[in-house]
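The block underneath contains the structure these notes are about, expressed in C-alpha cells.
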Amino acid sequence: MQFTKAIVRIPCERMTEGLSSSGFGKPDYSKAIMQHEKYVQALEDCGLEVIVLPPDNDFPDSTFVEDTALLTPALAVITLPGAPSRKGEIRDMQSIIGRFYNHIEFIRAPGTLEAGDVMMVGSHFFIGLSERTNTDGAGQLISILEQYGMTASVVEIADMLHLKSGVSYLENENLLATKYFHELAEFRKMNIIPVPEHEGYAANSLWINGSVLVPEGYPETLENISNAGYETIILDVSEFRKLDGGVSCLSLRF
Ligand code: CIR
C-alpha cells in the first residue's frame, strides 16, 4: 500500500468551540495554524500531494477531516458523523472527493459513522462501535465494502473517542496498541507494538509510506515504534489534542 495524496482542512477560528473531553483547555488558534502547517509539510515529506481545503467556520471541528469519509483503493464512502455539531461537515465532501473517485457511496440515517472508527488492514476494515458510530452505520459500511470485494467487522470499544484513538495499524502486521487491544481475538495474530497506559494518546500515530508520524511528548511509544524499524516524524499537535484529535484525524490519505 502506497499513498499518493492527502486531503486536509485548515483549522477555522471557531475551533476554540470544538468538542472536547480532554480537560486541557481551549486551543490557541495561531499555534494550531502553525502546527497544521508543519503537519502538511510532514505529509509532503512522505511523498504526498496535499489538497488543502480552506477553513470552514461553520463547523468548529472541521479540521478533523478523517471523520468525514473513508477512502479505499476501490471507492470512497462519505460518512454521517454521530456528533450533531459535525453532521454538516460532509456538505462539501462529495464534490471534493468526486475529483478523485468514480465510485462514491454514503452512510445514511439512522446510521452514524465517523471514520476515526475505521481501521484499514489490507482489504479488511475494523469498525469500532463508539458513541459516534452505531451498529446501523457499521452495518451499512460492511455491506458497501462487501459489494466492492472487501470485508469488514465490528470491534467493541470503551473509554475512547474512536477506535483509532487506541490502536493504529502500521502495516506489515504491526499494530500499535493500548493494553485494551492486546488480548482481543481479532488482533491476536498481529505483532503488538505496545503503547504504555500513561502515553495512551500516542496510540493514534500514523503510518504513511513507511514512515510513522508520532505526536511529540511520548518517548516510550516513540522508542517502541523506532525499535520496530520505522522512520519516525515527530509532530507537535498539542492544540489538536485539546480537542481530542490526533495525527490521523487531520487528514484523509489515499
Ligand atoms: C470530536 O470530538 O469530534 C473532535 N473534537 C475530535 C475528532 C477527532 N477525530 C478522530 O479521532 N478521527
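What's counted below: heavy atoms across the whole structure, side chains too, no hydrogens, waters or symmetry copies. Atoms within each ligand, like the ligands themselves, are counted from 1 in listed order. For this chain, numbers begin at 1 and follow the sequence in order.
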Heavy-atom check, side chain of [X] versus side chain of [Y], under 4.5 Å:
X: T63; Y: E239; answer: no
X: D159; Y: Y180; answer: no
X: T151; Y: H124; answer: yes
X: F126; Y: F187; answer: yes

- Query: With no hydrogens and no angle check, do the side chains of S62 and D56 hold a donor and an acceptor under 3.5 Å apart?
  - Reply: no

Under 3.5 Å, N or O to N or O, is [X] touching ligand 1 that way?
X: R86; result: yes
X: H162; result: yes
X: D61; result: yes

Identity and separation of the nearest protein heavy atom to [atom]:
atom: atom 2 (O) of ligand 1; answer: R132 NH2, 2.9 Å
atom: atom 12 (N) of ligand 1; answer: D67 OD1, 2.8 Å
atom: atom 6 (C) of ligand 1; answer: L243 O, 3.1 Å
atom: atom 8 (C) of ligand 1; answer: C249 SG, 3.6 Å

With heavy-atom distances below 4.0 Å as the criterion, list the atoms of ligand 1 near [X].
X: E66; value: 12 (N)
X: G116; value: 12 (N)
X: G245; value: 8 (C)

- Using 30° and 60° as the class limits, which term best fits the ring planes of F64 and F240: parallel, tilted or perpendicular? perpendicular

- Below 4.0 Å from any atom of ligand 1, is there a heavy atom belonging to K164? no

- Message: Please give the remaining members of the hydrophobic cluster of L19, linking ILVMFWY side chains under 4.5 Å, ordered by chain and number.
- Response: none

- Quick one: list whatever passes side-chain hydrogen bond (donor to acceptor under 3.5 Å, both in side chains) with N174, sequence neighbours left out. N191, Y230

